[in-house]
*Asks:* 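Mind having a look at this structure? Questions to follow.
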Amino acid sequence: MTLFAQTIYNIVRRIPKGQTMTYKEVARAAGRPKAYRAVGNILNKNYDPNILCHRVIRSDGSMGGYNRGASTKAKRLKEEKVHNPT
DNA sequence: CGTATGACGTGCA
DNA sequence: GTGCACGCCATAC
């Protein structure tokens, strides 16, 4: 566990329900606005269900991937926020 | 220390 | 609008 990862998890857990953050936003909040690659990398390696990693999506509005499966992420987003993904 | 990988982002065809 | 290629940062080997 590195400081970077801890920061990422900390920020992601702070994401309120009904809201989503892009990897870029999280990376920026972590202090590395250009480290969105690493952000995704860390979240990918992270399998802690306590982390609201499903609230983190891509800048395009795509959900990207998910450690439990993109389907789960999509469903969770639908129940939490995304009722109608444009 | 150097190389390879990845839940990404942006640019071009 | 979709698909391909390049660049970015951090982690793992």
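Chain letters run A, B, ... following the sequence lines, proteins first, then strands; residues in each count from 1.
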*Asks:* Could you pull out the closest heavy-atom pair between A:Ala35 and A:Phe4, with the gap in Å?
*Replies:* CB-CZ, 3.6 Å
*Asks:* Can you name the side-chain contact (heavy atoms from CB on, under 4.5 Å) partners of A:Leu52, sequence neighbours left out?
*Replies:* A:Val12, A:His54, A:Arg55
*Asks:* Nearest heavy-atom pair of A:Ser62 and A:Ile57: which atoms, and what distance?
*Replies:* O-CB, 3.3 Å
*Asks:* How would you list all residue pairs meeting side-chain hydrogen bond (donor to acceptor under 3.5 Å, both in side chains) that involve residues 38-49 of chain A, not counting sequence neighbours?
*Replies:* A:Asp48-A:Asn50
*Asks:* Considering only heavy atoms of chain A and a distance under 4.0 Å, specify the first and last nucleotide of DNA chain C in 5' to 3' order that meet this criterion.
*Replies:* C:dG7 to C:dA12
*Asks:* Tell me the side-chain hydrogen bond (donor to acceptor under 3.5 Å, both in side chains) pairs involving residues 28-37 of chain A, sequence neighbours left out?
*Replies:* A:Glu25-A:Arg28
*Asks:* Identify the heavy atoms of A:Val39 and A:Ala27 that sit nearest to each other, and give their distance.
*Replies:*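 Minimum heavy-atom contact is CG2-CB, 3.4 Å.
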*Asks:* Restricting to non-hydrogen atoms, name the atom on A:Leu43 and the atom on A:Asn67 that form the minimum distance, rounded to 0.1 Å.
*Replies:* O-ND2, 4.4 Å
*Asks:* Taking all non-hydrogen atoms of both residues into account, name the closest pair between A:Lys73 and A:Met63 and its distance.
*Replies:* NZ-O, 2.5 Å
*Asks:* Which pair of heavy atoms, one from A:Ile8 and one from A:Ala30, lies closest together, and at what distance?
*Replies:*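 Scanning both residues completely, I find the closest heavy atoms to be CD1-CB, 3.5 Å.
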*Asks:* Give, ordered by number, those residues of residues 26-34 of chain A having at least one heavy-atom distance below 4.0 Å to an atom of DNA chain C; if nothing qualifies, reply none.
*Replies:* A:Arg32, A:Lys34
*Asks:* How would nucleotides 6-11 of chain B be written as a contact map, 5' to 3', with B for base contact, S for sugar-phosphate-only contact and - for no contact, using protein heavy atoms under 4.0 Å?
*Replies:* BBBSS-
*Asks:* Rest of the hydrophobic cluster containing A:Leu3 (Ile/Leu/Val/Met/Phe/Trp/Tyr, side-chain heavy atoms under 4.5 Å)?
*Replies:* none
